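Notes to accompany the following structure.
Everything numeric in this text was worked out from a predicted model, so none of it was measured.
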Amino acid sequence: MAVAKIKKTTDGGQKKKASARRSSSPRKNKKREIPDWVFYICGALLSCFILSVAYYTLFRPYFYRFRPCYGEKHYSICMPTGYSVYGIDISRHQGDINWELLKKGREEEKPLEFIYMKATEGSDFTDTRFEENFKKAKEHGFIRGAYHYFSLHSSGSKQADMFIKTVKLEKDDLPPVIDVEERPKNKDQFIKELKIFISKIESHYGVKPIIYSYKKYKEKYLSEPYFDKFQMWIAHYYVSRLDENIEWLMWQCSDRGDVMGIEENVDINIFNGSKEQLRSILIK
């Protein structure tokens, strides 16, 4: 017969309850602290990002003034070398032009030969200074031309009618120019309207218009063979030369030119050829 085990009691014979296993010290929910070096790196990256955005959007266009000029400097900018025919394009943004002073500038070493001026935009806007500028340019001996800013908000046909109504090109004027730079949401519709505009302009003036744009825009929106028939006026600033793969007739090389007779900065353009070649493209 087994002998019964007697459980020890305390406090007046009551059983002592076994305590649950506990750690020697209570656990605390401690938050992990982020090392200081993480904050330093994040701060440095953020600063680099902000400085990069500020440089490319605010300061970069002005830094060219402080770069060493290894070529020829005219109109307060460093000009790409190897060219001899220059021009400008103007609009109401250049304000009141002193045409006598502008003409006097033709006596300089690198005279301005041609001037393009904004005529119309969309189907209902005429540049307020176009009529005067167009008239004065010819009176003061400049080869003149007119351009239209193509809008995505009206049909190509109505825009062509607006330009034709406004611009009366004459013998020895430059071919009309289409400024195309707005990015369309519907590329097919945009191309359709642009072709309608081009067709009406070419039919009316009897000459192929010139297309003004920039390289990436042409590659993305004007890459089909149809547009290869038209000469290009390329906008590309602050470089000493253009990509060899670009075929161009004119090059807008700067928007910070300083010329006599115009208080505001003006676009400087280069013609890819001689004076004789420039005259060969004029309206007959």
Side-chain angles (χ1 to χ4, degrees), residues 71-91 94 97 99 102-103 105-119 133-134 136-138 140-148 167 169-181 201-202 205 207-215 217-218 222 227-262 265-284:
E72 300 178 354
K73 192 165 187 177
H74 302 285
Y75 315 116
S76 299
I77 65 171
C78 190
M79 300 291 291
T81 57
Y83 306 101
S84 59
V85 182
Y86 305 101
I88 59 175
D89 58 276
I90 58 176
S91 69
Q94 272 64 51
I97 296 175
W99 287 93
L102 192 61
K103 179 181 178 180
R106 300 196 65 194
E107 301 172 5
E108 295 183 356
E109 181 182 355
K110 298 292 183 180
L112 298 173
E113 300 291 341
F114 64 93
I115 301 178
Y116 262 104
M117 50 216 79
K118 184 175 183 178
N133 287 340
F134 198 63
K136 294 287 187 181
K138 187 169 186 176
H140 289 80
F142 294 98
I143 298 174
R144 66 182 184 177
Y147 74 88
H148 171 82
V167 181
L169 293 178
E170 301 174 357
K171 182 177 179 294
D172 292 333
D173 286 340
L174 285 159
V177 166
I178 312 164
D179 181 343
V180 190
E181 51 187 286
I201 292 296
E202 185 175 356
Y205 294 106
V207 63
K208 290 187 181 300
I210 298 167
I211 297 177
Y212 167 97
S213 195
Y214 51 95
K215 181 186 175 184
Y217 190 96
K218 184 181 187 308
L222 307 175
F227 294 106
D228 294 338
K229 300 183 296 183
F230 304 95
Q231 300 271 25
M232 289 296 300
W233 179 0
I234 294 293
H236 198 122
Y237 306 150
Y238 320 128
V239 294
S240 58
R241 64 179 181 178
L242 287 175
D243 190 323
E244 294 179 356
N245 296 323
I246 301 176
E247 293 186 7
W248 57 278
L249 178 69
M250 292 184 291
W251 170 16
Q252 190 179 82
C253 63
S254 177
D255 61 346
R256 296 289 166 181
D258 183 12
V259 301
M260 294 175 59
I262 301 179
N265 288 130
V266 67
D267 299 329
I268 301 296
N269 299 278
I270 294 171
F271 177 76
N272 193 12
S274 64
K275 292 181 183 179
E276 291 72 23
Q277 289 172 315
L278 175 65
R279 292 194 173 278
S280 72
I281 70 169
L282 302 182
I283 293 176
K284 303 298 186 289

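Cation-pi geometry between Arg106 and Phe142 is met: under 6.0 angstrom from the ring centre, within 45 degrees of the axis.
Remark: Asp173 pairs with Arg144 by the side chain to side chain donor-acceptor pair (under 3.5 Å) rule, at least two apart or across chains. The ring pair (Phe, Tyr, Trp, His ring centres under 6.0 Å) check on Phe271 picks up nothing, with sequence neighbours excluded. Residues meeting the side chain to side chain donor-acceptor pair (under 3.5 Å) test with Lys110, sequence neighbours left out: none. Checked against ring pair (Phe, Tyr, Trp, His ring centres under 6.0 Å), Trp233 has the following partners two or more places apart in sequence or in another chain: Tyr116, Tyr212. Applying the salt bridge (Lys or Arg N to Asp or Glu O under 4.0 Å) test to Asp179 and every residue at least two apart in sequence or in another chain returns nothing. Evaluation of the side chain to side chain donor-acceptor pair (under 3.5 Å) rule for His236 yields no partner, not counting sequence neighbours. Remark: Ser213 pairs with Tyr217, Met232 by the side chain to side chain contact (heavy atoms under 4.5 Å, CB included) rule, at least two apart or across chains. Residues passing the ring pair (Phe, Tyr, Trp, His ring centres under 6.0 Å) test with Phe134 are Phe130, sequence neighbours excluded.
The side-chain heavy atoms of Lys138 and Asp172, taken from C-beta on, include no pair separated by under 4.5 Å. Residues Ser91 and Tyr147 meet the side-chain proximity criterion, which asks for heavy atoms closer than 4.5 Å. Side-chain atoms of Arg256 and Tyr75, non-hydrogen and from C-beta on, never get closer than 4.5 Å to each other. Leu112 places a side-chain heavy atom less than 4.5 Å from the side chain of Leu102. Contact check for Phe230 versus Leu222: no side-chain heavy atoms found under the 4.5 Å cut-off. Side-chain contact between Pro80 and Ile270: present, with at least one pair of heavy atoms (C-beta onward) separated by less than 4.5 Å. At a threshold of 4.5 Å between non-hydrogen side-chain atoms, the residues Asn265 and Asp255 do not count as touching. In this structure the side chain of Ile178 never reaches within 4.5 angstrom of the side chain of Ile201, judged on heavy atoms.
In terms of heavy-atom proximity, Leu169 sits nearest to Leu174 at CD1-O, 4.0 Å. In terms of heavy-atom proximity, Ile283 sits nearest to Glu170 at CB-O, 3.8 Å. The two residues Gln231 and Ile210 make their nearest non-hydrogen contact at O-CG2, 3.5 Å. Minimum heavy-atom separation, Pro175 to Ile281: CG-O, 3.4 Å. Counting all heavy atoms, side chain and backbone alike, Lys284 lies closest to Ser280 at NZ-O, 2.8 Å. Val167 and Ala119 get closest at one heavy-atom pair: CG2-CB, 3.4 Å.
For residues 227-238, every residue pair satisfying the salt bridge (Lys or Arg N to Asp or Glu O under 4.0 Å) rule, not counting sequence neighbours, is listed here: Lys218-Asp228. The salt bridge (Lys or Arg N to Asp or Glu O under 4.0 Å) pairs that include a residue from residues 268-278 are Glu113-Lys275, where partners are two or more places apart or lie in different chains.
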Check: Ile143 and Arg279: side-chain contact (heavy atoms from CB on, under 4.5 Å), yes or no, with the steps?
Finding: CA-CA 9 Å; Ile143 298 174; Arg279 292 194 173 278; 4.1 Å; yes
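Checked against Val259 for a side-chain contact (heavy atoms from CB on, under 4.5 Å), the options Ile97, Val266, Ile90 give a single hit: Val266. Partner of Gln94 under the side-chain contact (heavy atoms from CB on, under 4.5 Å) criterion, out of Ile88, Ile262, Asp89, Asn133: Ile262 alone.
The structure places CE of Met79 at 4.5 Å from OH of Tyr86, a figure rounded to the nearest 0.5 Å. Here OH of Tyr238 is found 5.5 Å from OG of Ser254. Values are rounded to the nearest 0.5 Å. The structure places CG of Asn269 at 10.5 Å from CG of Leu249, a figure rounded to the nearest 0.5 Å. Residue Met250 holds its CE atom at 8.5 Å from CG of Leu278, rounded to the nearest 0.5 Å.
Within 6.0 Å of atom CD in Glu247, 12 or fewer heavy atoms from other residues, nucleotides or ligands are found, so the atom counts as exposed in its surroundings.
Note on ring orientation: taking the six-membered ring where Trp is involved, the planes of Trp251 and Tyr83 are perpendicular (angle over 60°, cut-offs 30° and 60°).
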